Structure formats: C-alpha cells, structure tokens
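To start, the structure itself, in structure tokens.
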Amino acid sequence: MGSGQVFGWTSVDKRWYGFLNNVPVRIYQEDDKLIVYSNKELEEEDIINFFSLNDDIEMINEKIMVNDFLKKAIQLYSGVRILQQNPIDTIVEFICAQNKNIPAIEKIIEKLSLKYGERAKIDETTFFGPPNIEKIANSSLKELLENGLGYRAKYLLFTAKKILEDKMYSDRIRKMDYIEALHAMTSGNMKLYGVGLKVADCILLYGFHKLEAFPIDVWVLKAYPSALKEFIDENLYGEKYFGRPKLDKKKYLLMGNVARKIFGKYAGYAQLYIYMASRNLFKGSKKI
DNA sequence: ACTCGACCTGAAAT
DNA sequence: AATTTCAGGTCGA
C-alpha cells in the first residue's frame with residue numbers, strides 16, 4: 001500500500017481505509033494473515049484480485065533476479081505486489097501524478113476524493129472513495145483548478161469526458177496486448193489527452209495488470225544504469241541514449257524494450273523493485 | 001520525425 | 001528565511 005502505486009487511502013494505526021472495488025474497507029496485516037473488514041458485501045475473490053495474490057511471486061522473483069541489484073531490491077522489498085486497481089481510477093490518479101512529488105499527489109487526490117468521491121465511515125474513521133469520473137466530467141475547468149491540479153486540470157477534464165463518452169474504453173484496452181494498448185492510449189482515436197508513454201505505462205501496469213509495462217519516471221531513470229548495467233550494450237545503447245539526462249519518446253521505448261528483453265513478461269515487477277530501491281537510494285540527495 | 005521550451009503547484013533542497 | 005530546484009511528464013510549436 002505504501003509502494004507508490006496507489007493513492008487515496010487513509011492510514012490510521014497501521015490500518016488502511018479505502019475503497020476496494022467500490023466497497024469501503026479496512027485492511028491490515030497480522031503476520032501472514034490479511035484481515036479485511038467491510039460493512040458492505042465483498043467477495044473474497046475481489047480481495048485476492050486486488051492484491052494479485054494469484055501472481056506466483058516466488059516464480060516471478062526468481063525470473064527477474066538477474067543480478068545483485070535486483071536480488072538486493074527483492075530482499076529489501078519482499079512482499080510487495082502489483083495491485084489491480086480499478087482502471088478508470090488509475091487513469092485519474094496518474095494524470096494527476098505527473099510531474100508532482102508523492103505528498104503533493106496525495107494532497108490532490110485527497111481533495112478530489114473529498115469533492116467527487118463517495119463518503120464512508122468505518123470505526124471512527126471517515127474517508128472518501130476515488131473521485132467519480134462522471135462528476136469530474138460534469139465539473140468545470142475552474143472548479144478542477146481549485147484542487148491544485150495546475151495544467152493537469154484540462155487533461156483530466158478532457159479525458160474524463162472521453163472515457164465517459166466511450167463506455168467500452170476499458171474493455172477494449174483490456175483485450176489488447178500490452179504494446180497495442182500502449183499505442184492506443186497515446187495516439188490515434190483512442191488517445192487520452194494528457195496521457196503520454198509514462199502515464200499510460202502506469203495505467204496499464206496498475207490498472208490493467210499488463211505486467212510487461214515498465215514505467216520509466218525520473219527515479220527509474222536514475223537507477224537504470226546501475227540496475228541494468230551488465231545488460232546495456234555500450235555500442236547499441238551507450239552514451240548516446242543513456243548518458244543524456246532527458247527522455248524522449250524513442251529513448252523511452254528503447255529503454256522499456258531492453259527491460260522487457262531482460263525481465264520478459266514480468267518487467268513491471270522489476271520496475272516496482274527498481275523504483276522503490278531508487279527512491280531509497282537517492283532520497284535526500286540529487287547525487288547519482 | 002525530432003528538438004525544445006512552456007507549463008501549474010507545492011514540497012524539498014540550497 | 002528566502003530562493004531555487006524538483007517532482008512517478010506531456011503538449012505544441
């Protein structure tokens with residue numbers, strides 16, 4: 001829950017309050033037991049799906065443990081999984097998340113949830129569900145701007161309207177394979193305004209469970225050379241690409257493809273470990 | 001097809 | 001304490 005892939009949950013005394021499949025829940029872990037409470041109906045299957053408990057994590061770790069960097073990261077963050085959130089919610093979240101730090105993202109999502117989310121109460125804790133796409137679409141640019149969204153407000157408004165217009169959007173993306181879905185979301189008639197390669201990768205990984213996705217943000221970019229160093233062919237992918245600080249489209253895709261070559265269809269899991277390791281490694285300093 | 005500056009805002013670094 | 005840099009990037013010229 002604290003891995004940076006999910007926003008909008010409330011943590012009180014190591015208990016998490018939030019919405020799982022539109023149902024308000026309280027979740028906590030005791031040793032190897034996951035305890036989920038709700039005052040509404042919730043299927044066990046939904047919980048298993050949300051936490052991806054059917055992903056064979058031992059096998060995945062084995063496959064992506066390609067060097068000491070990954071080995072150490074896997075040890076350090078053992079237990080983390082790629083969640084399966086509501087796709088629409090991830091679209092909203094990761095449009096808001098671009099070019100912001102995590103505390104700022106939490107703040108924006110909190111404000112949006114307060115305005116556009118469902119209210120719930122468990123124990124003495126009141127919390128709000130993820131912002132409703134319909135309510136966002138029916139609001140105004142001016143109203144959205146009150147949440148600290150800045151230039152993301154127009155992205156969110158247009159995308160909310162488009163998603164609402166096309167009821168089958170998620171279903172169509174779900175049926176596509178990873179690379180097809182990536183291009184659909186970022187170009188052509190299914191393109192979402194404000195969704196580039198990075199945000200699309202996050203949506204595909206955390207919302208659609210397309211595990212080949214390898215989102216490259218500033219943190220993954222920083223750790224990439226050390227995390228994958230023995231796999232980077234200096235002739236093919238040398239200074240020309242990885243030495244430069246900024247990521248263009250071509251370089252983004254190339255780096256993702258290299259990762260997919262190494263980690264296969266579990267690149268997304270590798271990304272999460274590398275992301276977490278990088279945030280720990282580079283926190284409090286911009287040294288590389 | 002590629003490069004490059006503009007862009008909102010607030011947290012964190014200097 | 002004030003100022004600058006930076007953040008889970010994308011758009012349009």
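Source: prediction; values computed, not measured. Every chain is numbered from 1 and lettered A, B, ... according to where its sequence line falls, protein lines coming before strand lines.
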Assign A/G4 to base, sugar-phosphate, or nothing according to its heavy-atom contacts below 4.0 angstrom with the strands shown. base
Between NZ of A/K154 and C1' of B/dT9 the distance, given in whole Å, is 13 Å
Could you tell me whether the side chain of A/I122 reaches within less than 4.5 Å of the side chain of A/T125, counting heavy atoms only? no
Could you pick out which residue, A/Y151 or A/K107, lies toward the 5' side of DNA chain B when each is mapped onto its nearest nucleotide? A/Y151
Given pairs defined as Watson-Crick or G-U wobble with both distances under 3.5 Å, what dot-bracket annotation applies to DNA chain C, with ( ) intrastrand, [ ] crossing, | other strand and . unpaired? .||||||.|||||
Hey, can you tell me if A/F263 and A/F214 have their rings parallel, tilted or perpendicular (30° and 60° cut-offs)? parallel
Residues A/D55 and A/R81 bridged, charged N to O under 4.0 Å: no
Gap in Å between the two P atoms, one belonging to B/dG10 and one to C/dC11, rounded: 22 Å
How close do A/D89 and A/P131 get, heavy atom to heavy atom, and via which atoms? OD1-O, 4.4 Å
For A/R152 and C/dT10, give me the distance from atom CZ to atom P, rounded to whole Å. 11 Å
How is A/Y252 classified with respect to the nucleic acid when contacts are heavy atoms under 4.0 Å: base, sugar-phosphate, or nothing? nothing
Please report the distance separating the P of C/dT10 from the corresponding atom of B/dA11, rounded so that it comes out in whole Å. 22 Å
When you measure only distances, ignoring hydrogens and angles, does the side chain of A/N99 come within 3.5 Å of the base of C/dC6 through a donor and an acceptor? no
When the distance from CG of A/N101 to P of C/dG9 is rounded to whole Å, what number comes out? 10 Å
I'd like the P distance from C/dT3 over to B/dC8, given in whole Å. 23 Å
When we call it a touch if two heavy atoms are under 4.0 Å apart, what does A/S3 touch: a base, just sugar-phosphate, or nothing? base
Should the side chain of A/K198 and the base of C/dT10 be counted as holding a donor-acceptor pair, with the cut-off at 3.5 Å? no
Indicate whether OP1 or OP2 belonging to B/dC7 is found under 4.0 Å from a side-chain N or O atom of A/K100. no
If you count the non-hydrogen atoms of other residues, nucleotides and ligands that lie under 6.0 Å from CD in A/E110, is the total more than 12? no
Using the P atom on both, measure C/dT5 against B/dG5 and round to a whole Å. 16 Å
Can you tell me which residue among A/F94, A/Y269, A/F50, A/Y275 is in a ring pair (Phe, Tyr, Trp, His ring centres under 6.0 Å) with A/Y206? A/F94
I need the NZ-C1' distance between A/K249 and B/dC4, as an integer number of Å. 15 Å
OP1 or OP2 of C/dG12 versus the side-chain N and O atoms of A/Y193: is any pair under 4.0 Å? yes
Looking at every strand, decide which applies to A/P215 at a 4.0 Å heavy-atom threshold: base, sugar-phosphate, or nothing. base
